[in-house]
Structure formats: C-alpha cells, structure tokens
Protein chains: 2
Amino acid sequence: MTTSEAAAQSLSIGEVAERTGLSVHALRFYEREGLLVGPVQRTSGGRRRYTPVDVEWLLICVKLRESGMPLADLKHFAELVRQGPGNEAERLHLLDTHRQRVDAQIQALEECRSVITWKVAVYSEHLARGAADGLWAPTT
Amino acid sequence: MTTSEAAAQSLSIGEVAERTGLSVHALRFYEREGLLVGPVQRTSGGRRRYTPVDVEWLLICVKLRESGMPLADLKHFAELVRQGPGNEAERLHLLDTHRQRVDAQIQALEECRSVITWKVAVYSEHLARGAADGLWAPTT
DNA sequence: CTACGATCTAGAGCGAGGTCTAGATCAAGC
DNA sequence: GCTTGATCTAGACCTCGCTCTAGATCGTAG
C-alpha cells in the first residue's frame with residue numbers, strides 16, 4: 001500500500017464516531033486511557049487519522065463493552081496486543097473468561113424475562129376481564 | 001392473621017438483606033428513594049420490620065434491576081402500585097416496555113457472544129498449530 | 001449490670017464511564 | 001481574506017447506584 005492509498009483509506013475522528021457509534025469525546029477518552037493498540041496517526045495539522053485497522057479494533061471494543069467488559073480489562077487486552085506475538089494464550093484466556101460471563105448474563109436475563117413475562121400476563125389477564133372484577137388487588 | 005402472627009413472620013433488615021441479596025445499606029437507600037410500595041413498619045425501638053409482601057416486592061425489584069431497569073422507572077412503578085387499583089394498564093405498559101428492552105439486550109448479548117466465540121476460535125486454532133507458525137500476526 | 005452486635009440517621013464519598021467547556025487551531029468554500 | 005464547521009488540549013463536571021462513616025441507640029446473652 002502506498003502512502004496516498006493509506007491516506008485515502010484513513011478516517012477523521014468524526015467519521016469514526018459515525019461508524020462505531022462512539023462519540024468523538026469517547027474516542028479521545030479511549031485513546032487517553034490507553035485502550036487503543038497503537039497511537040493514532042496525525043495530519044501535519046495535528047488532526048487524528050484512523051486506519052481501517054484502528055476502526056476494526058474499535059468495533060471489537062464496542063462489542064466487548066456492550067457485553068459488559070470493564071474498561072480495565074479492555075485496556076489489559078490492548079496492552080497484550082501491543083506487546084505483539086507470544087502472549088496469545090493470555091489473550092485467549094481473557095476472551096474466554098469474558099465469554100463465560102456473557103453466557104451467565106444471558107441466562108440471568110432470560111430468568112428476569114420470564115419473571116416479567118409472567119407479571120405481564122397477570123396484568124393482561126386482569127385487564128382483559130375488565131374492571132368488573134373490582135375486588136382484584138394486585139400486591140405488586 | 002393476628003398481630004402476633006404478623007410479628008412472627010416479619011423480618012429484620014439483616015434477614016431481608018440475606019434473602020434478597022441487597023445490602024442493608026441498599027435497603028435503606030431504596031426506602032429513602034421511595035422504591036418501596038409502603039412505609040416499612042417499625043418496632044417500638046425504631047427498628048424496621050419487613051413483611052413477606054415487602055420481601056416479595058424487593059425480590060421483584062432485584063429482578064428488574066438485574067435486567068437493567070433504572071431506579072427511576074422502578075420508582076415510577078412503585079408509585080403506581082401505591083396509588084392502588086385503576087392504573088393497571090399503565091403498570092402493564094411499563095413492564096411490557098421493559099420486557100422489550102430485555103429482549104433487545106439478550107439479542108445484543110448473543111451477537112457479542114458470537115463475535116467473541118469467533119475470536120476465541122481464531123486464537124485457539126493458532127495455539128493448537130503451535131509456535132511453528134511464527135509469521136502469524138493477529139491484528140487484534 | 002455489662003457487653004456486644006445489630007440497627008438507627010444524616011450525610012459524605014466513591015468508582016465507572018463517559019460528557020462537556022473554554023479557548024485555540026485547522027481546513028474548505030466563497 | 002473571511003467565514004464556518006470540525007478538531008485540538010486540558011481539565012472540570014456529571015449521572016448512576018450504591019457504599020461508607022460517625023455517633024447514637026436498641027436488645028439480647030451472660
């Protein structure tokens with residue numbers, strides 16, 4: 001890839017915000033916090049230029065955050081990647097641990113869902129019978 | 001139910017904390033914030049005594065919180081219940097809206113899960129092939 | 001009666017995860 | 001050259017949801 005091709009593919013912070021769903025504030029915050037793998041390139045004027053690899057990494061960050069990974073873990077993962085090859089086992093462990101947490105979360109949510117669904121059914125049934133049943137007094 | 005039976009069934013804040021998983025601090029906080037349906041009864045000495053109905057409500061609160069309902073919504077729900085019969089439609093709406101959010105959350109988590117699973121598979125495969133493949137450089 | 005642990009109130013403090021502000025600079029269009 | 005909008009930095013500020021502290025009181029076991 002030539003320099004001009006790289007420049008053509010690179011994106012401004014605003015464009016990256018659009019593509020990732022993160023705010024420009026959050027993007028700068030993530031960078032300060034060391035959550036990115038490399039330092040973001042700058043134009044001669046000092047503006048950030050994100051490469052497609054940067055964006056790919058950010059999209060993964062978004063997925064990990066969305067699923068509840070704390071910023072600290074994300075930072076740790078970024079550090080491992082920065083260190084380069086040799087620590088793949090640790091990266092794997094980090095991801096797999098998180099996957100287990102996500103599984104637990106899904107299960108917990110499904111339990112909540114069934115409790116809520118049951119309550120919704122109770123109210124629906126009551127309303128379907130109409131106000132005629134004036135004595136019904138839901139405790140909750 | 002006689003007064004003494006009610007007393008026998010009632011629980012101290014510590015016992016309720018155990019049964020609900022909330023801390024005693026959180027229980028007092030919830031009360032202050034108006035998240036409970038009624039005022040908690042007190043002993044002559046001023047200690048709280050929770051009824052089984054209080055505990056049942058708290059268990060529902062826990063499920064709703066666990067599934068991401070904000071305290072403000074929980075408070076709103078509690079207010080509706082406090083107002084008594086007549087607003088069941090609104091309660092239903094509140095719960096059903098939340099159920100939809102939970103569904104969306106579960107779906108989002110499942111997407112995250114599949115992204116993570118894929119990444120885990122990539123690393124596993126790499127590690128299974130061993131370090132012989134020295135040129136492999138994961139971008140993330 | 002004395003300890004000692006549980007509970008009380010009011011209010012301060014905290015950690016996570018951003019968000020926003022001020023004031024300056026950059027870059028593109030007219 | 002001038003205007004306008006995007007971006008820059010450093011750092012203050014915010015919301016949420018508790019958590020903790022201090023100092024007093026209650027209540028039970030010995």
Side-chain angles (χ1 to χ4, degrees), chain A residues 4 7-8 10-36 39-51 54-55 58 60-78 98 101 105 108 112, chain B residues 7-8 10-36 39-51 54-55 58-78 98 101 105 108 112:
Chain A
S4 61
S10 77
L11 299 173
S12 72
I13 195 169
E15 290 165 330
V16 174
E18 260 181 50
R19 278 163 180 72
T20 59
L22 295 165
S23 71
V24 295
H25 294 297
L27 284 168
R28 289 192 281 245
F29 170 72
Y30 277 25
E31 186 177 343
R32 251 185 308 186
E33 293 296 299
L35 268 50
L36 304 192
V40 178
Q41 292 177 26
R42 302 291 183 122
T43 65
S44 56
R47 271 79 204 283
R48 290 172 180 82
R49 298 307 302 186
Y50 292 82
T51 67
D54 291 333
V55 175
L58 281 167
I60 290 173
C61 286
V62 166
K63 281 297 175 201
L64 293 174
R65 285 288 307 127
E66 233 180 82
S67 51
M69 181 182 282
L71 291 187
D73 290 14
L74 209 40
K75 182 174 183 176
H76 183 193
F77 191 22
H98 183 60
R101 281 197 304 250
Q105 240 185 115
C112 296
Chain B
S10 78
L11 300 173
S12 72
I13 194 168
E15 290 165 330
V16 174
E18 261 181 49
R19 278 163 179 72
T20 60
L22 296 164
S23 71
V24 296
H25 294 297
L27 284 169
R28 289 192 281 246
F29 169 73
Y30 276 25
E31 187 178 343
R32 250 185 305 179
E33 293 295 299
L35 269 50
L36 304 193
V40 178
Q41 291 177 25
R42 302 293 183 120
T43 65
S44 56
R47 270 80 206 281
R48 290 172 180 81
R49 298 306 303 184
Y50 293 82
T51 66
D54 291 335
V55 176
L58 282 166
L59 289 171
I60 289 173
C61 287
V62 166
K63 281 296 175 201
L64 292 174
R65 283 289 306 126
E66 235 179 81
S67 51
M69 181 182 283
L71 291 188
D73 290 14
L74 209 38
K75 183 175 182 174
H76 183 194
F77 191 23
H98 182 61
R101 280 196 305 248
Q105 238 185 117
C112 296

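Order of the sequence lines fixes the chain letters, A, B, ..., with proteins taken first and strands second; residue numbering starts at 1 for each chain.
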Atom-to-atom span, CZ of R48(A) to C1' of dC26(C) - whole angstrom: 14 Å
In whole angstrom, give the distance that lies between atom CG of L11(A) and atom C1' of dA6(D). 15 Å
Check the distance between dT19(D)'s P and I13(B)'s CD1 and give it to me in whole angstrom. 13 Å
Could you tell me the separation between the NE2 atom of H98(B) and the CZ atom of F77(B), rounded to the nearest 0.5 Å? 10.5 Å
Given atom NZ of K75(B) and atom P of dC16(D), what is their separation to the nearest angstrom? 12 Å
Per atom distances to the T43(B) side chain, the nearest of dT7(C), dC18(D), dG27(D) is dG27(D)
Nearest to the side chain of H25(B) - dT21(D), dT7(D), dG17(C)? dT21(D)
Atom-pair distance (CZ on R49(B); C1' on dG27(D)), nearest Å: 12 Å
Counting neighbours of CD on Q41(A) that are heavy atoms of other residues, nucleotides or ligands and sit closer than 6.0 Å, is the number greater than 12? no
Separation of dA16(C) P from L74(A) CG (nearest whole Å): 14 Å
For F29(A) and dA12(D), what is the distance between atoms CZ and P respectively, to the nearest whole Å? 15 Å
Where the side chain of E33(A) meets the backbone of K75(A), is there a donor-acceptor pair that is under 3.5 Å apart? no
Here's a test of your reading of the structure: between L71(B) and G46(A), which maps to the more 5' nucleotide of DNA chain D? G46(A)
Test side chain to side chain contact (heavy atoms under 4.5 Å, CB included), reference L27(B), set V16(B), L36(B), L35(B), output is V16(B)
Out of dT21(C), dC8(C), dG17(C), whichever nucleotide has its closest atom nearest the side chain of R47(B): dC8(C)
Is the distance from OP1 or OP2 of dC18(D) to the nearest side-chain N or O of S23(B) less than 4.0 Å? no
Which one, dC8(C), dG17(C), dT9(D), comes nearest to the side chain of P70(A)? dG17(C)
With a 4.0 Å cut-off on heavy atoms, is R32(A) in touch with a base, just the backbone sugar-phosphate, or nothing at all? base
Check: dG18(C) base within 3.5 Å donor-acceptor of R28(A) side chain: no
Looking at R48(A) and D54(A), is there a salt bridge between them, counting it only when a charged N and a carboxylate O are closer than 4.0 Å? no
dG17(D) phosphate, OP1 or OP2, under 4.0 Å from Y30(B) side-chain N/O: no
Between dG17(C) atom P and E33(A) atom CD, what is the distance in whole Å? 10 Å
